[in-house]
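The block underneath contains the structure these notes are about, expressed in structure tokens.
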Amino acid sequence: MKFHHVGIAVKKIANYTNTVQTIFSPTETTIPFHNKIQRVKVCFFNIGGFYIELIEPAESQTPITSFLEKKGEGIHHLAFEVPDVHKATVELEKFGGKIISPPSIGFEKRLISFVYVDSLPFKIVEFVSEKKLRRTK
């Protein structure tokens, strides 16, 4: 397991893009894209080998909308890259985790899942499958 990114809920990605780029000088920035399955827009900034993910609701009623209404903008989850998302999700469930979103396809066509863990100071953990390397011929 290795740390992959911190997910930060925001009302508008555009409100923070320039500031994040100016302060942190990311080596890579994705163009904000719409994740239709999760009903959000996301943008990733590669900062020293890990990512900051800004997450904006793409519809009026989403889990991110609810989060923003209850807690305001801020850290939504910590994400960890794992070899087996299904196994990691089940293991965390054994420690009292509650599955929010079972494994499904997310960014970069990776398998992802979200688990709520009340016993941690950060309440939501995302598991992300390892990136598959492309073969060249």
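Along the sequence shown, the residues carry numbers beginning at 1. Computed from heavy atoms alone, side chains included, the values below leave out hydrogens, waters and symmetry copies.
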Pairwise side-chain contact, [X] with [Y], heavy-atom cut-off 4.5 Å (strictly under):
X	Y	value
L78	V125	no
V85	I112	no
I124	I100	yes
D118	K123	yes
H4	F50	no
L68	P57	yes
V82	E130	no
V42	L54	no

[Y] reachable from [X] in the ILVMFWY side-chain graph, under 4.5 Å edges:
X	Y	value
L120	Y116	no
F33	I55	yes
L92	V90	no
V6	F107	no
V117	F67	no

Ring centres of F114 and H77 under 6.0 Å apart?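 Here the rings of H77 and F114 have centres that are less than 6.0 Å from each other.
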Just checking F24 against F45, ring centres under 6.0 Å apart?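 Here the rings of F45 and F24 have centres that are no less than 6.0 Å from each other.
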Could you tell me the separation between the [atom1] atom of [X] and the [atom2] atom of [Y], rounded to the nearest 0.5 Å?
X	Y	atom1	atom2	value
F127	T89	CZ	OG1	5.5 Å
I75	I8	CD1	CD1	6.0 Å
E28	T30	CD	OG1	7.5 Å
S113	H86	OG	NE2	8.5 Å

Looking at every heavy atom in both [X] and [Y], which two are closest together, and how far apart are they?
X	Y	result
V128	A79	CG2-CB, 4.1 Å
P26	I47	CB-CG1, 4.1 Å
S25	T22	OG-O, 4.1 Å

Full working for side-chain contact (heavy atoms from CB on, under 4.5 Å) between I99 and E93: CA-CA 7 Å; I99 298 172; E93 194 175 25; 3.7 Å; yes
Please table the atom pairs, donor to acceptor, closer than 3.5 Å between any side-chain atom in residues 11-19 and protein atoms at least two apart or in another chain.
residue: Y16; atom: OH; partner: E73; partner atom: OE1; Å: 2.4
residue: Y16; atom: OH; partner: E73; partner atom: OE2; Å: 3.4
residue: T17; atom: OG1; partner: I13; partner atom: O; Å: 3.1

Please state whether the rings of H5 and F44 are parallel, tilted or perpendicular, taking 30° and 60° as the class boundaries.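 Perpendicular.
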With no hydrogens and no angle check, is any side-chain donor or acceptor of R110 less than 3.5 Å from a backbone partner on S129?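 Looks like yes, one N/O pair under 3.5 Å.
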Steps toward side-chain contact (heavy atoms from CB on, under 4.5 Å) verdict (I105, L111): CA-CA 5 Å; I105 301 299; L111 198 60; 4.3 Å; yes
Among K2, M1, E126, which residue meets the side-chain contact (heavy atoms from CB on, under 4.5 Å) test with E81?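 One option only clears the test, and that one is K2.
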I would like to know whether T29 and C43 meet side-chain contact (heavy atoms from CB on, under 4.5 Å); could you show each step before the answer? CA-CA 7 Å; T29 302; C43 181; 4.0 Å; yes
Working note: V40 + E56, criterion side-chain contact (heavy atoms from CB on, under 4.5 Å); need CA distance, chi angles, decisive distance, verdict. CA-CA 6 Å; V40 294; E56 170 187 326; over 6 Å; no
